[in-house]
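Here is the structure we will look at, set down as C-alpha cells.
First the proteins, then the strands, lettered A, B, ... as listed; each starts at 1.
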Number of protein chains: 2
Amino acid sequence: MEPLRPVVLERLIRYYRYLGEFTARKNVDTITSSQLGTVLHIDPTQVRKDFGAIGLMGISRVGYEVCEVCRAIRLVFGFDHPYPAVMVGAGNLGNALLSYPGFARYGLRIVAAFDNDPKKVGTFITGVEVQGIRSMKPFIRKHGIQMAILTTPVAVSQTIADRLVSAGIKAIWNFSPTRLSVPEDVLIRNEHISLGLAQVAYHLNGLREDEPRRLAILAQPCDEPCNPMEK
Amino acid sequence: MEPLRPVVLERLIRYYRYLGEFTARKNVDTITSSQLGTVLHIDPTQVRKDFGAIGLMGISRVGYEVCEVCRAIRLVFGFDHPYPAVMVGAGNLGNALLSYPGFARYGLRIVAAFDNDPKKVGTFITGVEVQGIRSMKPFIRKHGIQMAILTTPVAVSQTIADRLVSAGIKAIWNFSPTRLSVPEDVLIRNEHISLGLAQVAYHLNGLREDEPRRLAILAQPCDEPCNPMEK
DNA sequence: AAGCATTTGTGATTTCTATCACGTTTTAAG
DNA sequence: CTTAAAACGTGATAGAAATCACAAATGCTT
C-alpha cells in the first residue's frame, strides 16, 4: 500500500478518537459515513474514501462495523504492536505526559524516564522509574528502543537529541520549543502549541475587527524592537 | 482584509517562530524568501505570497525587513494587544503551561488559575495565584476575560466549560482530551497530542514494512474488542 | 415479492493549494 | 554608464483535495 497522505492520517485519527468515545456511550456496533461526517464536520464521501484507502468495505444500507474500522486504523498506525519509548525530562510536562493514561490506545508504552535532577532520580511516576541521564544510552541500546519523548529545557535539547540518535533512536517526539538537527533517517515530530494558541488569538483578534487601526500601525515605521518579549 | 486561510496562518506562525530564533542568533536585519524557504522547506514563491497576503512588501535584491515581518505577523494575530486568559486546572499540565515563558511572544497573559483542590488554592505558580473554582465566574466577569485554558480532568471538563461560557468566555483552548459542546459563537481549539503521536507511530510502523502481516490481519474476522485499552 | 429509501463505492468535477515562469526592480561590479 | 545577478511580485499552470453525481447494493415496509 502506498503511503497515506498526512491529511488522511489526520482524519483517520479523528475517526479513531471519536469511535472510542462512541462505543463507550452508544450500544451500536455500526456507523454510517454520514453519521461520522456530521459529528466531525467531514463530508461523508470523504469518510468513505478514507476508509476505502485503508481497505475497509462498508455494507450498503448499514454502514461500517465500528470494531473493524478501529482495527484497521490501529493496523495502519501499528497501535496494537506498541513501541516502547523513553521519556527524557521529568519536569511538569514530562510528568503530565507520563501520567496520561490515554496513550495505550495509541500504542505508546513509556518504559523509562530520564532526568538529570538528582532529587528526581529514583522516584517513580505512575510506575515508571526516573533514572539519571547517564543510564539513558545504555538503556536504549540494551532494549533496542526506537522512540524518545523529549521534554527537556531548550538549552540542553540538542545535546540530548545527539545522544539519543547515537544510542539508536529513530523517532523523537519533541515538546521542547526548539529546532533539532538530526540525521535524515531520524524522524522529528515537533509539538508546537504556539500554533493552537495563534489560532485562538486570530479568532479573538477577528472579533475586534478594527481595520483602520491595523493599517495605521502598518504605515508607521518599524521603530519597536523585533522581538519585544523574549522566551 | 478577507480572513486568512488556516494553512496560511500556520505558515505565518512558522515564519514568526523562526524569525524569533533568527534574530536572536544572527545580526542581520533582513531575510530573503529563499532563505526562509530553505530553512522551513517552503517554496520561496509561497513565502512571498504569504507575505503579500498580510500587506508586506519586500525590497528587490534585498529581501524583507525581519522587524517589519514580525510586526505584521503580530498584528495579524493581535499578539501585541495581549488578551488576558485564565487557566482552569492546576495539575501537571496546567503547571507546565503556567511556567512556560514563551507565551508572552504570542500575546498570551495568564492572569489567574483556578483549581478545586484545597491544597493548591492559595499557592502561587510563577506569580499567578491559584484560586478556588468558586471564584472563577466572578473573576472572569469582573475582568471581562475572553479566553480560558482548560486542563481539567475529562470528567469535569464539560461542566467547567458550561460555567466558562456563562461567565462570558469567548474562546477555550482545550487540553482536556474530550469533545466540548458550546454555543456557536464560542471558539474551541482542541489540543490533541494524539495526532502527533500517531504520525510518529505511522513512521515507525512504516519502517517495519510488513505488508503480508497487515493483509492477514485484515482478513481475519474482528473478534477482538473494539477498544482494547481504555483510558 | 415488489418497491422504496438508504447507504456504499467511484468516476467526474470543482475548488483550493503549491509551483512554475517570467517581467520588473534594485544593487553591485566592470 | 552599462550590464549582470539577485530578488521580488504575480499571472499561468500543475497538482491535491474535497465535493458532486449517480450506479449498485441492501434492508425495510407493505
Side-chain angles (χ1 to χ4, degrees), chain A residues 1-15 18-19 22 26 28-70 72-73 76 195 199 202 218 222, chain B residues 1-15 18-19 22 26 28-70 72-73 76 195 199 202 218 222:
Chain A
M1 191 164 64
E2 73 206 15
L4 298 165
R5 296 169 189 287
V7 66
V8 178
L9 295 180
E10 183 168 339
R11 281 194 301 267
L12 288 177
I13 288 302
R14 292 177 62 194
Y15 304 145
Y18 177 71
L19 291 178
F22 180 81
K26 322 263 173 168
V28 191
D29 52 3
T30 62
I31 193 166
T32 68
S33 58
S34 16
Q35 279 178 284
L36 255 177
T38 306
V39 182
L40 301 180
H41 303 108
I42 297 175
D43 189 282
T45 308
Q46 189 75 78
V47 176
R48 294 199 289 275
K49 291 226 159 131
D50 290 339
F51 284 2
I54 58 173
L56 279 167
M57 302 293 275
I59 307 164
S60 260
R61 194 58 215 264
V62 173
Y64 298 83
E65 288 200 34
V66 173
C67 145
E68 279 223 38
V69 173
C70 288
I73 296 178
V76 165
L195 205 146
Q199 291 193 356
Y202 186 71
L218 260 188
C222 192
Chain B
M1 190 166 62
E2 73 205 17
L4 298 164
R5 298 171 189 285
V7 65
V8 178
L9 296 180
E10 183 168 340
R11 280 193 302 267
L12 288 176
I13 288 302
R14 291 177 61 195
Y15 304 144
Y18 178 70
L19 290 177
F22 179 81
K26 321 262 175 169
V28 190
D29 52 1
T30 62
I31 193 165
T32 69
S33 58
S34 18
Q35 279 179 284
L36 255 177
T38 305
V39 181
L40 302 180
H41 302 108
I42 297 175
D43 189 283
T45 308
Q46 189 74 78
V47 176
R48 294 199 290 274
K49 292 224 158 135
D50 290 339
F51 284 1
I54 59 173
L56 279 167
M57 303 292 276
I59 307 164
S60 262
R61 195 60 215 267
V62 173
Y64 297 85
E65 287 200 32
V66 173
C67 146
E68 280 224 38
V69 173
C70 288
I73 295 178
V76 164
L195 204 142
Q199 291 194 356
Y202 185 72
L218 261 186
C222 193

Set of side-chain contact (heavy atoms from CB on, under 4.5 Å) partners for [X], sequence neighbours left out:
{"X": "A:T32", "result": "A:S34, A:Q35"}
{"X": "B:T38", "result": "none"}
{"X": "A:D29", "result": "none"}

| request: Tell me what A:G52 touches on the nucleic acid: a base, only sugar-phosphate, or nothing, going by heavy atoms under 4.0 Å. | output: nothing
| query | With sugar-phosphate meaning primed atoms plus P, OP1 and OP2, does A:S34 contact a base, only sugar-phosphate, or nothing at under 4.0 Å between heavy atoms? | reply | nothing
| field | Boundaries of the chain A footprint along DNA chain D (any atom under 4.0 Å from a heavy atom) | value | D:dA17 to D:dG27
| task | Between protein and nucleotides 25-30 of chain C, map the contacts as a letter string: B base, S sugar-phosphate only, - none, heavy atoms under 4.0 Å, written 5' to 3'. | result | BBB---
| request: Quick one: list whatever passes side chain to side chain donor-acceptor pair (under 3.5 Å) with B:Q199, sequence neighbours left out. | output: A:R189
| Residues in side chain to side chain donor-acceptor pair (under 3.5 Å) contact with B:T45, at least two apart in sequence or another chain | B:D43
Whole-Å distance separating the [atom1] atom of [X] from the [atom2] atom of [N]:
{"X": "A:Y64", "N": "C:dT6", "atom1": "OH", "atom2": "C1'", "answer": "13 Å"}
{"X": "A:M57", "N": "C:dG9", "atom1": "CE", "atom2": "C1'", "answer": "8 Å"}
{"X": "A:E65", "N": "C:dT7", "atom1": "CD", "atom2": "P", "answer": "16 Å"}

| field | Rounded to 10 degrees, the angle between the two terminal axes of the helix from C:dA1-D:dT30 to C:dG30-D:dC1, each from five pairs | value | 0°
| request: Specify the residues of residues 39-50 of chain B, ordered by number, for which at least one heavy atom lies under 4.0 angstrom from an atom of DNA chain C. | output: B:D43, B:T45, B:Q46, B:K49
| Closest non-hydrogen atom pair between A:Y15 and A:V47, with its separation | OH-CA, 3.5 Å
| message | Which heavy atom of A:Y64 sits nearest to which heavy atom of A:R48, and what is that distance? | response | OH-CG, 3.5 Å
Tell me which donor-acceptor pairs under 3.5 Å the side chains of residues 52-62 of chain B have, and how far apart each pair is, sequence neighbours excluded?
none

Pair up each side-chain donor or acceptor in residues 1-14 of chain B with any protein partner under 3.5 Å, not counting sequence neighbours, and list the distances.
| unit_1 | atom_1 | unit_2 | atom_2 | d |
| --- | --- | --- | --- | --- |
| B:R11 | NE | B:D50 | OD2 | 2.6 |
| B:R11 | NH2 | B:D50 | OD1 | 3.0 |
| B:R14 | NH2 | B:L40 | O | 2.6 |

| field | By ring pair (Phe, Tyr, Trp, His ring centres under 6.0 Å) - contacts of B:F22 (at least two apart) | value | B:Y18
| Check against side-chain contact (heavy atoms from CB on, under 4.5 Å), A:L36 and A:F51 | CA-CA 12 Å; A:L36 255 177; A:F51 284 2; 3.6 Å; yes
| From SG (A:C67) to CD1 (A:I31), nearest 0.5 Å | 13.5 Å
